[in-house]
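For reference, the structure is listed below as structure tokens.
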Amino acid sequence: MAYDEVLAERVRELLEETDAVVAKKMFGGLVFTVRGNTAVGVVGDDLLVRVTADDTPQALTEPGARPYEFRGRVSKGWILVAGEVLDDDVLDDWLHLGRKAATALPPK
């Protein structure tokens, strides 16, 4: 599956302002890791976001957000956000959530 290269570049630019980020092809898209842990990714036209258990209920109420399903199962700790809702401010908020969840994990 191809991923939205424009969205991926926007993510890269915003993340590089605050973190040492590594991009890797994974999940059929491009993911961005912080301290070795995946924070966010671009899968198709959507943003894949790692979220903490505490942040998940509120995050799922946001426009365009839905649980991430992989092989017919909902993956806890992950949310997909529709690309069409990701203006710069909204994208920055989602990236913040992804960084928060990734940095809460031990470095790899």
Side-chain angles (χ1 to χ4, degrees):
M1 169 188 289
Y3 59 88
D4 183 334
E5 292 184 22
V6 173
L7 177 57
E9 188 56 32
R10 289 175 58 211
V11 170
R12 184 188 321 272
E13 288 173 4
L14 289 168
L15 285 177
E16 286 179 347
E17 291 176 2
T18 58
D19 295 305
V21 174
V22 175
K24 296 180 181 183
K25 289 189 177 183
M26 206 181 242
F27 301 121
L30 186 68
V31 299
F32 296 87
T33 64
V34 176
R35 298 180 353 156
N37 295 300
T38 300
V40 297
V42 179
V43 179
D45 295 331
D46 298 329
L47 183 71
L48 175 67
V49 183
R50 181 185 295 266
V51 291
T52 65
D54 289 343
D55 289 334
T56 298
Q58 175 60 39
L60 285 171
T61 68
E62 296 299 321
R66 65 188 187 279
Y68 175 61
E69 291 187 33
F70 184 72
R71 296 185 179 166
R73 292 186 163 165
V74 173
S75 295
K76 291 181 181 179
W78 297 99
I79 291 178
L80 276 176
V81 183
E84 62 264 11
V85 302
L86 296 172
D87 67 24
D88 288 343
D89 290 336
V90 172
L91 177 58
D92 197 46
D93 290 344
W94 283 110
L95 297 181
H96 174 76
L97 270 182
R99 283 192 306 264
K100 176 183 169 187
T103 57
L105 299 170
K108 290 185 178 179

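Heavy-atom basis, side chains included; hydrogens, waters and symmetry copies ignored.
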Nearest 0.5 Å, what's the [atom1]-[atom2] distance between [X] and [Y]?
X	Y	atom1	atom2	result
L15	D92	CG	CG	9.0 Å
R66	D46	CZ	CG	4.5 Å
Y68	L47	OH	CG	12.5 Å
E9	D4	CD	CG	11.0 Å
R50	L105	CZ	CG	5.0 Å
K24	F32	NZ	CZ	12.5 Å

(request) Please assess L7 against L91 for the test side-chain contact (heavy atoms from CB on, under 4.5 Å), listing each intermediate value before the final yes or no. (result) CA-CA 10 Å; L7 177 57; L91 177 58; 4.3 Å; yes
Give a yes or no on whether the backbone of [Y] and the side-chain of [X] come within a donor-acceptor separation of less than 3.5 Å.
X	Y	result
R12	V21	no
T38	T33	no
T52	D55	yes

(request) Check the pair W94 / L86 against side-chain contact (heavy atoms from CB on, under 4.5 Å), numbers first and verdict last. (result) CA-CA 9 Å; W94 283 110; L86 296 172; 3.7 Å; yes
(request) Let me see the working for D88 and R10 under side-chain contact (heavy atoms from CB on, under 4.5 Å), right down to the final yes or no. (result) CA-CA 9 Å; D88 288 343; R10 289 175 58 211; 3.1 Å; yes
(message) Are P67 and L60 packed together at the side-chain level, in the sense that at least one heavy-atom pair is separated by less than 4.5 angstrom?
(response)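 When only atoms from C-beta onward are counted, L60 and P67 do touch, with a gap below 4.5 Å.
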(message) Can you tell me which residue among L97, L95, L14, L30 is in a side chain to side chain contact (heavy atoms under 4.5 Å, CB included) with V40?
(response)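 For V40, the side chain to side chain contact (heavy atoms under 4.5 Å, CB included) test succeeds with only one of L97, L95, L14, L30, which is L95.
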